[in-house]
J.: 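First the structure, then my questions, so here it is.
Side-chain atoms are counted along with the backbone in the values below, which use heavy atoms only and exclude waters and symmetry mates. Positions are given from 1, in the same order as the sequence printed here.
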Amino acid sequence: MAPSGSRSIDCWRVLYWIPMLFICLIVAWSYYAYVVQLCIETVENMGEKIVYLLLYHGLFIMFVWSYWQTIFTKPMNPLKEFHLSHPDKELLEREDRRESQQEILRRLAKDLPIYTFTMSGAVRYCDHCHLLKPDRCHHCSACNKCILKMDHHCPWVNNCVGFSNYKFFMLFLAYSLLYCLFVTATDLQYFIQFWTNGLPDTQAKFHIMFLFFAASTFSVSLAFLFAYHCWLVCKNRSTLEAFRAPAFQHGPDKNGFSLGINKNFQQVFGDEKKYWPLPVFSSIGDGCSFPTCLVNPDPEQPSLSPVHNSSIKSAEESHPFPTKTLRESQNQLLSNGQSEDRVKRGTSNPALTIEKET
């Protein structure tokens, strides 16, 4: 017999699907209302009817495809290199002194591409997953996992939006907005006829009325949400980073990962334009490390490794600390034939402590 605790968890997991099922029901009804009640039953001009149906189904397919990808694409978790081995985990748990814990975490983190810290300057460590968090990675309490480049947990897709599906989420917003705008525009003339008694007294007139209200209402809310996420993409920030700037060695910096609008866009959508409108994965990188526009503020740190983009001049102006000779970047975003400036955090970090961070 299953314990009561596990049954309670399963019940909560079922409840998580309710918002997504609500959206699916709305979409299913809108399909019936538009295709059957509006196009087939109400629109009389055959040419207009065919054009409406062709354009509608094109948008509908892209909308459903991107929504499906957003829901069922599993969020990516940190690679095994960031997980503590069993001996290291036991060693960390045995230590009670902060100084000893600092040394353990510093030793484990020094060879990893980790350049962000907690606000107090500590290594970002997840005591739930027992791993050192990669940059932009956060622990999701709903999924109970650490998610790479976590943006937020979305109840409308019952999934975490992060590195693996952020492009799909953006396309879902874009196609759902286009879908609603198209339905609103093509339904408008028949909605006006409803109020002027120009429609026959059938059930189609009520579907047409409610379809216009639903599509126009969703259009407004989706427009604001899509515009906000477009702004995030242009700034190369996640929703979490918009509320709390990532902390680098020199301190919090909300623009630390910004490489310019074009490269910021390419990080999400990729560098091949033919894949941009399609809900197929084309984002650049592995989700564990990201190029930044910052340079190492520690003038005595000898250990250098790639982390920065080629816009070092602007970085020097906004972050006035010494620069060093850096080796050429191998990152796709930065491979422009020039010597790229990237730097890795050194071993002379500020005092490190284990600090819970979600």
J.: Does V35 share a hydrophobic cluster with L188, counting links as ILVMFWY side-chain heavy atoms below 4.5 Å and allowing steps through other members?
T.: yes
J.: Under 3.5 Å, is there a donor-acceptor pair linking the side chains of T70 and N165?
T.: no
J.: Applying side-chain contact (heavy atoms from CB on, under 4.5 Å), name anything that partners E81, two or more places apart in sequence or on another chain.
T.: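 side-chain contact (heavy atoms from CB on, under 4.5 Å) check on E81 returns L79, L112.
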J.: Could you state whether L181 and I61 fall into the same hydrophobic cluster, counting links through intermediate Ile, Leu, Val, Met, Phe, Trp or Tyr residues with side-chain heavy atoms under 4.5 angstrom apart?
T.: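 L181 and I61: separate clusters.
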J.: Would you say that more than 12 heavy atoms from the other residues, nucleotides or ligands in this model lie under 6.0 Å from the OH of Y275, or not?
T.: no
J.: For the CD atom on Q189, are there more than 12 heavy atoms of other groups (residues, nucleotides or ligands in this structure) within a distance under 6.0 Å?
T.: yes
J.: Where do D253 and F248 come nearest, in terms of heavy atoms and distance?
T.: O-CE1, 3.8 Å
J.: Could you see if V183 belongs to whatever hydrophobic cluster contains L54? Use Ile, Leu, Val, Met, Phe, Trp, Tyr and a side-chain cutoff under 4.5 Å.
T.: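 No; L54 is not reachable from V183 via cluster members.
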J.: Which heavy atom of L131 sits nearest to which heavy atom of C146, and what is that distance?
T.: CD1-SG, 4.0 Å
J.: Would you call the rings of F290 and F163 parallel, tilted or perpendicular, where under 30° means parallel and over 60° means perpendicular?
T.: perpendicular
J.: Counting only heavy atoms not in I261, do more than 12 fall under 6.0 Å of its CD1?
T.: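 Atom CD1 in I261 is not crowded, with 12 or fewer foreign heavy atoms closer than 6.0 Å.
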J.: Do P246 and D135 touch side chain to side chain, with heavy atoms closer than 4.5 Å?
T.: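 Heavy-atom side-chain distance check fails, nothing below 4.5 Å.
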J.: Please tell me whether V220 and Y175 are part of a single hydrophobic cluster in this structure, the criterion being side-chain heavy atoms less than 4.5 Å apart.
T.: no
J.: Under 3.5 Å, which donor-acceptor pairs do the side chains of residues 277-288 form with other protein atoms, sequence neighbours left out?
T.:
unit_1	atom_1	unit_2	atom_2	d
S282	OG	K167	NZ	2.8
S282	OG	F269	O	2.7
S283	OG	V268	O	2.5
D286	OD1	C288	N	2.9
D286	OD1	S289	N	3.3

J.: Say whether L21 and V157 are linked into one hydrophobic cluster, either directly or through other cluster members, by side-chain heavy-atom distances under 4.5 angstrom.
T.: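 As far as the 4.5 Å side-chain criterion goes, V157 and L21 are connected within one cluster.
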J.: Given H207, which of Y32, Y31, F191 fulfils the ring pair (Phe, Tyr, Trp, His ring centres under 6.0 Å) condition?
T.: Y32
J.: For the pair S66 (side chain) and F63 (backbone), establish whether a donor and an acceptor sit closer than 3.5 Å, ignoring hydrogens and angles.
T.: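 Yes, the answer is positive, given that a donor and an acceptor are paired below the 3.5 Å cut-off.
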J.: I would like to know whether H138 and H153 meet side-chain contact (heavy atoms from CB on, under 4.5 Å); could you show each step before the answer?
T.: CA-CA 11 Å; H138 296 274; H153 185 90; over 6 Å; no
J.: Is W231 atom CH2 crowded by more than 12 heavy atoms from other residues, nucleotides or ligands, each under 6.0 Å away?
T.: yes
J.: What donor-acceptor contacts under 3.5 angstrom involve side-chain atoms of residues 232-239, with partners at least two apart or in another chain?
T.:
unit_1	atom_1	unit_2	atom_2	d
N236	OD1	R136	NH1	3.2
N236	OD1	R136	NH2	3.3
N236	ND2	F257	O	2.7
N236	ND2	N264	OD1	3.2
N236	ND2	Q267	OE1	2.9
R237	NE	K254	O	3.2
R237	NH2	N255	OD1	2.7
S238	OG	E241	N	3.1
T239	OG1	D151	OD1	3.3
T239	OG1	D151	OD2	2.7

J.: Identify the residue among F172, W65, Y56 that makes a ring pair (Phe, Tyr, Trp, His ring centres under 6.0 Å) with Y179.
T.: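 Exactly one pass, corresponding to Y56.
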J.: Any chance you could lay out the ring pair (Phe, Tyr, Trp, His ring centres under 6.0 Å) test for H152 and F243, step after step, and finish with the verdict?
T.: CA-CA 11 Å; H152 68 288; F243 286 97; over 10 Å; no
J.: Which pair of non-hydrogen atoms, one from R124 and one from T116, has the smallest distance, and what is that distance?
T.: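 Closest pair (atom of R124, atom of T116, distance): NE-OG1, 3.8 Å.
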J.: Quick check for you: to the nearest 0.5 Å, what is the distance between S30 atom OG and D187 atom CG?
T.: 11.0 Å
